Amino acid sequence: MIKVLALYGSPRRPGNTASLLDEFLKGVSWSGVAVESIRISDLKFSPCQEYNVCLKTGECCIKDEMTPVYGKLLTADLVVLAAPIFFYNLPAQAKALIDRSQSLWARKYILKKKEDAVPGKKRLGFFISVGGTKGEHLFDGAIKTVKYFFDAINVEYAGELLFRQIGVKGEIEKHSEALKQAYQVGQSIVQKMTGDARTT
């Protein structure tokens with residue numbers, strides 16, 4: 001069973017990234033694939049307080065609704081993060097979840113916990129985003145943040161789906177090709193992970 005963890009990082013409900021994520025998940029929703037979605041803004045958790053206990057234990061000492069998410073991040077075969085661009089980076093909700101993943105970074109790089117990385121098992125991560133402007137470097141900061149996040153949780157960055165000049169609520173619905181592309185990318189990733197070349 002392939003486990004997919006979808007992280008929706010926008011505070012807006014619903015939003016343009018939500019529509020793209022929905023299509024992506026339709027693409028991955030095949031037999032033998034289990035999808036779990038988390039709307040980050042629904043979680044009640046503290047931002048990182050830099051107590052640094054995790055550097056010694058590999059565990060975050062703050063116990064809240066972020067606590068059960070750690071196991072999901074370490075066991076999902078595919079992690080997809082969908083979030084819009086705020087001031088050339090991720091929204092506070094998504095960034096807070098990433099910051100709270102410092103304990104997973106500590107487990108990997110400070111404590112060298114080998115059990116978090118299963119030998120021979122390739123786990124993938126994908127990033128979906130939209131931005132309201134057409135700036136040349138609009139997504140650069142967010143991509144770098146997401147790549148480091150995925151690295152911390154032992155996930156290989158498999159790519160991104162990015163759309164500029166999409167800001168008004170529901171605007172992505174006017175771009176049928178973008179939605180179609182999200183579906184096709186999701187389908188393609190599952191095909192590679194399962195070796196199933198079927199098409200729909």
Side-chain angles (χ1 to χ4, degrees), residues 1-10 12-43 68-85 90-91 93-94 97-98 101 104 108 115-131 139 142-164 166 172-200:
M1 176 70 71
I2 291 178
K3 294 191 289 186
V4 178
L5 179 63
L7 303 171
Y8 179 53
S10 174
R12 185 156 63 185
R13 181 202 303 261
N16 294 308
T17 45
S19 296
L20 287 166
L21 179 59
D22 286 346
E23 289 303 311
F24 180 95
L25 295 179
K26 288 177 185 177
V28 305
S29 295
W30 291 1
S31 175
V33 178
V35 177
E36 180 175 2
S37 298
I38 296 176
R39 184 181 294 272
I40 299 174
S41 61
D42 285 346
L43 297 177
V69 177
Y70 295 123
K72 302 176 192 297
L73 291 172
L74 289 175
T75 57
D77 298 293
L78 172 62
V79 178
V80 53
L81 172 62
I85 298 299
L90 299 171
Q93 291 81 359
L97 182 142
I98 291 173
S101 299
L104 303 183
K108 180 177 182 179
E115 65 268 27
D116 291 341
V118 180
K121 184 176 182 180
K122 188 175 183 180
R123 301 170 60 234
L124 301 178
F126 197 83
F127 179 45
I128 297 174
S129 188
V130 300
F139 299 103
I143 290 173
K144 183 168 287 189
T145 298
V146 173
K147 283 183 174 180
Y148 278 114
F149 168 53
F150 284 167
D151 176 75
I153 62 174
N154 296 305
V155 163
E156 179 181 318
Y157 191 84
E160 69 270 336
L161 198 56
L162 313 171
F163 297 97
R164 288 174 167 80
I166 302 291
I172 196 67
E173 302 296 338
K174 301 175 184 177
H175 299 266
S176 59
E177 283 303 310
L179 296 171
K180 181 179 179 181
Q181 189 176 352
Y183 177 90
Q184 291 174 337
V185 169
Q187 185 182 68
S188 175
I189 288 178
V190 170
Q191 286 176 344
K192 291 177 182 177
M193 295 179 76
T194 63
D196 189 340
R198 72 181 126 164
T199 57
T200 59

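This structure is a prediction, so every number in the text was calculated from the model and none was measured.
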**Request:** Scan for salt bridge (Lys or Arg N to Asp or Glu O under 4.0 Å) pairs involving residues 71-81, sequence neighbours excluded, and state none if there are none.
**Result:** E36-K72, D77-K121

Under the salt bridge (Lys or Arg N to Asp or Glu O under 4.0 Å) rule, collect the residues that match up with [X], sequence neighbours excluded.
X: E160; result: none
X: K147; result: none
X: K144; result: none

To the nearest 0.5 angstrom, please state how far the [atom1] atom of [X] sits from the [atom2] atom of [Y].
X: M193; Y: L124; atom1: CE; atom2: CG; result: 5.0 Å
X: L90; Y: T145; atom1: CG; atom2: OG1; result: 5.5 Å
X: I98; Y: F150; atom1: CD1; atom2: CZ; result: 8.0 Å
X: F149; Y: L7; atom1: CZ; atom2: CG; result: 6.0 Å
X: I128; Y: D22; atom1: CD1; atom2: CG; result: 9.5 Å
X: L104; Y: D151; atom1: CG; atom2: CG; result: 11.5 Å

Taking all heavy atoms of [X] and all of [Y], pick out the closest pair and write down the distance.
X: V28; Y: G186; result: CG1-O, 3.2 Å
X: I85; Y: G131; result: CB-CA, 4.3 Å
X: Q191; Y: W30; result: CG-CH2, 3.3 Å
X: S10; Y: S41; result: O-OG, 4.0 Å
X: V4; Y: L25; result: CG1-CD2, 4.3 Å

Report the residues that fulfil side-chain contact (heavy atoms from CB on, under 4.5 Å) with [X], sequence neighbours left out, ordered by chain and then residue number.
X: A152; value: W105
X: Q181; value: L161, F163, V185
X: S29; value: V35

**Item:** side chain to side chain contact (heavy atoms under 4.5 Å, CB included) between R164 and F139, intermediate numbers included
**Value:** CA-CA 9 Å; R164 288 174 167 80; F139 299 103; 3.6 Å; yes

Residues which pass side chain to side chain donor-acceptor pair (under 3.5 Å) with [X], listed by chain and number, not counting sequence neighbours:
X: E173; value: S19
X: K180; value: none
X: S101; value: none
X: Q93; value: none

Determine whether a donor-acceptor pair (N or O, by modelled atom type, separation under 3.5 Å) exists between the side chain of [X] and the backbone of [Y].
X: R123; Y: V79; answer: no
X: T17; Y: S129; answer: no
X: K122; Y: E156; answer: no

**Request:** Report the C-alpha separation of D42 and Y8 in whole Å, then their side-chain angles, then the decisive distance to 0.1 Å, and conclude whether the side chain to side chain contact (heavy atoms under 4.5 Å, CB included) test is met.
**Result:** CA-CA 10 Å; D42 285 346; Y8 179 53; over 6 Å; no

**Asked** After noting the C-alpha distance and the side-chain angles of L162 and F127, does the key distance pass the side chain to side chain contact (heavy atoms under 4.5 Å, CB included) rule?
**Response** CA-CA 8 Å; L162 313 171; F127 179 45; 4.1 Å; yes

**Sequence-distant partners of F24, ring-ring contact (aromatic ring centres under 6.0 Å, His included), two or more places apart** = F126

**Request:** Evaluate the criterion side chain to side chain contact (heavy atoms under 4.5 Å, CB included) for residue pair L179 and L20; output intermediate values, then yes/no.
**Result:** CA-CA 6 Å; L179 296 171; L20 287 166; 4.0 Å; yes

